[in-house]
Amino acid sequence: MKSFSRISSLLFVALCILPASFLQAQAADIAATPPMGWNSWNHFHNKVDDATIRAQAEAMVSSGMRDAGYTYINIDDTWEGERDSSGVIHTNDKFPDMKALADFVHSKGLKIGIYSSPGPKTCAKYEGSYGHELQDAQTYAAWGIDYLKYDLCGMRDQMKAAGSPEEAHKMMVDAYIKMRDALRSTGRPIVYSLCQYGNDAVWEWGASVGGNLWRTTGDINDHYARMEEIGFGQAGLARFAAPGHWNDPDMLEVGNGGMSSDEYRMHMSLWAILAAPLLAGNDLSTMTPETVGLLTNKEVIAIDQDRAGRQGDRVSAVGPIEIWARSLADGSKAVGIFNRHPGPLSATVDFKQLGFNRTVKARDLWLQKDLGKLDPTYTAKIPGHGVLLLRVSQ
Ligand code: GLA
């Protein structure tokens with residue numbers, strides 16, 4: 001009798017634990033490493049349509065980006081049309097047939113993403129999912145959608161009307177849970193991207209509402225000052241990221257023309273150390289070879305996509321020189337030596353401070369060149385707004 005009750009209580013505990021670990025495993029299955037792809041917003045804003053999406057999918061393949069790991073073609077805001085009398089959402093004139101578009105993107109060996117809001121309206125004032133969450137999730141699944149960016153925007157007005165900040169917070173959390181459950185009920189694996197600009201320390205609860213990634217900041221733009229502010233502002237968030245759920249410092253601006261090559265190298269290097277989603281935000285159909293090189297450097301991407309999924313963090317900041325490091329699955333470390341000053345500066349890195357105890361082996365990842373053995377204290381000249389990105393091992 002005693003052993004029976006022991007077995008039944010063990011069974012009870014197992015049944016309680018199972019759903020949590022099962023859900024974690026499910027999250028890790030669809031975003032085991034930070035999602036990589038492209039999103040329409042940064043370059044096209046509301047001027048995105050079916051033809052644009054097809055051209056981006058084709059360019060993702062022909063440029064070599066797909067083979068470098070980029071997978072998702074994500075349609076951001078402004079695809080939405082009206083709801084019909086049964087409440088089913090339809091596309092607007094720019095997207096005549098979403099299912100056919102999804103089939104086309106899938107035929108290129110890619111996946112497709114879409115955008116909505118938990119509020120009645122999106123940021124660009126198109127139709128949101130409020131009150132139609134399950135219906136919308138079912139529509140997305142029927143179209144063959146693989147990724148949803150769910151942008152708080154229109155819900156902020158409702159939150160303002162809440163009686164207290166706690167109540168407003170609960171409204172937001174409940175809205176994210178509602179769409180999580182709706183997506184899960186479709187049975188289709190759909191990456192769930194939370195976008196609420198990092199409010200209420202989303203990194204602390206984003207995974208618990210099913211987020212595979214959550215924006216940690218307001219919007220990026222194609223200016224060095226904004227990229228720098230966002231990128232270096234990520235210090236301290238590393239422990240909240242893990243396979244299945246990632247901090248998202250917003251999409252890439254590489255190739256949009258507002259920054260120098262060194263600045264774009266800094267952008268990519270920081271995002272890789274941060275285990276950030278790599279969602280290109282430029283026009284893939286008109287890229288220069290230099291932009292392709294910046295986006296597809298395999299050794300830099302390997303840092304971002306390292307299977308251990310441990311986000312890196314700041315190690316030191318001395319004036320405009322910052323050293324950031326990320327531990328990698330094979331025991332080596334990615335080390336970024338960043339110069340936030342506009343002119344070149346000498347920077348010294350103390351590898352002992354990074355856990356190495358004698359000479360180290362280092363490889364320059366942008367040049368893809370071994371630097372051989374380096375002394376534990378190493379000095380290099382870093383270009384203005386530039387970076388030396390190393391892979392270091394003992
Ligand atoms: C917000 C988001 C952006 C983009 C726009 C679309 O500003 O943060 O990334 O999705 O809405 O309207």
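Order of appearance sets the numbers: ligands from 1, and atoms from 1 within every ligand. Worth knowing before you read on, the calculation uses all heavy atoms, side chains too, and leaves out hydrogens, waters and symmetry mates.
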Under 4.5 Å between any side-chain heavy atoms of T288 and T291, yes or no? yes
So W271 and P249, do their side chains get closer than 4.5 Å, heavy atoms only? yes
When W79 is tested against each of F44, W143, F95, W41 for ring-ring contact (aromatic ring centres under 6.0 Å, His included), which residue passes? W143
Ligand 1 versus C153, non-hydrogen atoms closer than 4.0 Å: side chain, backbone, both, neither? neither
Please check if the distance between the ring centroids of F232 and F338 is under 6.0 Å. yes
Closest non-hydrogen protein atom to [atom], residue and atom name please, with distance?
atom                    : value
atom 4 (C) of ligand 1  : D76 OD1, 3.4 Å
atom 5 (C) of ligand 1  : W41 CE2, 3.6 Å
atom 11 (O) of ligand 1 : D151 OD2, 3.0 Å
atom 8 (O) of ligand 1  : D219 OD1, 2.5 Å
atom 9 (O) of ligand 1  : K149 NZ, 2.8 Å

With Y147 as reference, evaluate I30, L279, I114 under the side-chain contact (heavy atoms from CB on, under 4.5 Å) test and give the passing residue. L279
Report, in ascending order of atom number, the atoms of ligand 1 lying under 4.0 Å from any heavy atom of [X].
X    : result
Y197 : 8 (O)
C123 : 1 (C), 11 (O), 12 (O)
D77  : 6 (C), 12 (O)

Would R83 and D136 count as a salt bridge (charged side-chain N to carboxylate O under 4.0 Å, His left out) if you check the C-alpha gap in whole Å, the side-chain angles of each, and the deciding distance to 0.1 Å? CA-CA 10 Å; R83 293 188 185 278; D136 285 0; 2.9 Å; yes
Test: salt bridge (Lys or Arg N to Asp or Glu O under 4.0 Å). Region: residues 208-223. Which pairs qualify, not counting sequence neighbours? R215-D219, R215-D250
